[in-house]
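Read the structure below first, then the notes.
The figures that follow rest on heavy atoms only: side chains count, while hydrogens, waters and symmetry mates do not.
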Amino acid sequence: MRVMFGSWKYLFKNLWYVLPFAIVPAVFLTLSLDYTAITRMVGAVLSGNPRAGFLDYFCALSYIETDVLGAVYNVCAFFSVALCMTLMLSLVEKHMRIGKRTPSGAFAGFGSLFFTAFVITFVYLAVYEAWAIVLSAVLFAVASVRNIVVVYLIDGACLLLFSFVLLYLTTVFYLWFPSRQMTGFGWYDSFLHSYRLMAGVRWKMIFSFLLSFAVAVGVVAGVSLLPELVFRAVTFVLFVFLFLNFGIRMETVYFETDKVDREDLIRSYREL
């Protein structure tokens, strides 16, 4: 339970310090969603005819847009996620490590950490897009089955299985950034270190991610039936909190698994 909810506790306790880092990424992540494709897909499922072409599935699942404006949103989303994640995690790490929450902490080691965040963001993007391609192909193949009930059952099973695979892969790289940040190891050694740390909490993390992922999918699917302005507004708020929690949870899990004292907690106890 501490693994799952420790990051949320830190987030709400320090919300006004970390919130600014999530605004720009959330804007471009929201704009990168294909509202038309998602609405069409959800409508098809609810209408009793869950069949679509490969591109329809892929556009609904993927973050990569083919039009010029969408490509601009994609690029801005990628760089803003890498940049703001670097700044936020630098601030959070310093706060947890020494107990001080200062704006200058956001720029501690920025030069080396930004490239690390850039690479890890690219890795996650590549993993997600590969997942979206394969899942789209599988759903397209299943759509050829004549029996609608069977299509629904197989689609549901595929979504559960593929979601598990995606979340498992997420845990593989999850502590890589804080490992590089805290230890200063090279790429390979820091990855091995982070992988070993994750081994003891992997299933807890998968369950934790599953809760967030299920909420995110449910919210996006639900608001896709509403006007686009409402859809964008709600998904913006959703991405703000998902971005903050995804990053902060990296630090809270790393400090716990590597048995590093949280000075932000120690100072709070001393003040009591």
Side-chain angles (χ1 to χ4, degrees), residues 22-78 80-81 124-125 127-145 148-167 170 208-246:
I23 301 299
V24 175
V27 167
F28 288 113
L29 287 171
T30 299
L31 293 174
S32 294
L33 291 177
D34 192 329
Y35 169 74
T36 303
I38 295 172
T39 300
R40 185 165 56 243
M41 193 59 54
V42 173
V45 171
L46 296 178
S47 69
N49 184 28
R51 292 189 172 97
F54 171 79
L55 288 179
D56 294 319
Y57 288 118
F58 182 69
C59 289
L61 294 171
S62 173
Y63 269 98
I64 296 178
E65 301 289 337
T66 55
D67 61 287
V68 175
L69 184 59
V72 172
Y73 291 151
N74 293 160
V75 172
C76 291
F78 178 82
S80 63
V81 166
Y124 272 120
L125 177 62
V127 168
Y128 180 82
E129 292 301 324
W131 175 84
I133 291 173
V134 177
L135 178 57
S136 299
V138 171
L139 294 177
F140 174 63
V142 173
S144 63
V145 177
I148 294 295
V149 175
V150 175
V151 173
Y152 273 111
L153 292 175
I154 298 178
D155 280 352
C158 288
L159 288 172
L160 289 174
L161 176 62
F162 274 79
S163 296
F164 172 79
V165 171
L166 178 63
L167 298 179
T170 300
S208 176
F209 285 139
L210 180 62
L211 293 178
S212 299
F213 188 67
V215 170
V217 171
V219 170
V220 171
V223 298
S224 68
L225 303 174
L226 302 176
E228 184 172 2
L229 183 61
V230 178
F231 173 84
R232 301 293 181 190
V234 173
T235 51
F236 166 74
V237 175
L238 174 69
F239 279 127
V240 164
F241 285 98
L242 289 180
F243 178 84
L244 291 175
N245 186 249
F246 188 82

Any non-hydrogen side-chain atom of [X] less than 4.5 Å from a side-chain atom of [Y]?
{"X": "L242", "Y": "L238", "value": "yes"}
{"X": "L210", "Y": "F164", "value": "no"}
{"X": "S163", "Y": "F213", "value": "yes"}
{"X": "Y124", "Y": "F246", "value": "yes"}

Margin query: According to side chain to side chain donor-acceptor pair (under 3.5 Å), does anything in residues 24-38 pair up with another residue at least two apart or in another chain? List the pairs.
Written below: S32-N74
So which heavy atom on [X] is nearest to which on [Y], and how close?
{"X": "F54", "Y": "I133", "result": "CE1-O, 3.6 Å"}
{"X": "P50", "Y": "D155", "result": "O-OD2, 3.9 Å"}
{"X": "S224", "Y": "I38", "result": "CB-CG2, 3.7 Å"}
{"X": "I148", "Y": "G48", "result": "CG2-O, 3.6 Å"}
{"X": "A221", "Y": "V42", "result": "O-CG1, 3.9 Å"}
{"X": "V220", "Y": "F231", "result": "O-CE1, 3.7 Å"}

Out of curiosity, [X] [atom1] to [Y] [atom2], how far, rounded to the nearest 0.5 Å?
{"X": "T235", "Y": "L31", "atom1": "OG1", "atom2": "CG", "result": "8.5 Å"}
{"X": "F236", "Y": "L33", "atom1": "CZ", "atom2": "CG", "result": "13.0 Å"}
{"X": "C158", "Y": "L153", "atom1": "SG", "atom2": "CG", "result": "11.0 Å"}
{"X": "S62", "Y": "L135", "atom1": "OG", "atom2": "CG", "result": "11.5 Å"}
{"X": "F239", "Y": "I23", "atom1": "CZ", "atom2": "CD1", "result": "14.0 Å"}
{"X": "I154", "Y": "L139", "atom1": "CD1", "atom2": "CG", "result": "10.5 Å"}

Next item on the list: Kindly write out the residues that satisfy salt bridge (Lys or Arg N to Asp or Glu O under 4.0 Å) with E129, not counting sequence neighbours, or none if the list is empty.
Entry: none
Note to self: The criterion is ring pair (Phe, Tyr, Trp, His ring centres under 6.0 Å); which residues satisfy it with Y152, sequence neighbours excluded?
What the structure shows: none
Checklist line | Residue pairs, two or more places apart or on separate chains, that pass salt bridge (Lys or Arg N to Asp or Glu O under 4.0 Å) and touch residues 37-61 | finding: R40-D56
Checklist line | Sequence neighbours excluded - salt bridge (Lys or Arg N to Asp or Glu O under 4.0 Å) pairs with any residue from residues 209-237 | finding: E228-R232
Check: Can you list every pair that meets ring-ring contact (aromatic ring centres under 6.0 Å, His included) and has a residue in residues 57-78, with sequence neighbours left out?
Finding: Y63-Y128, F78-F118
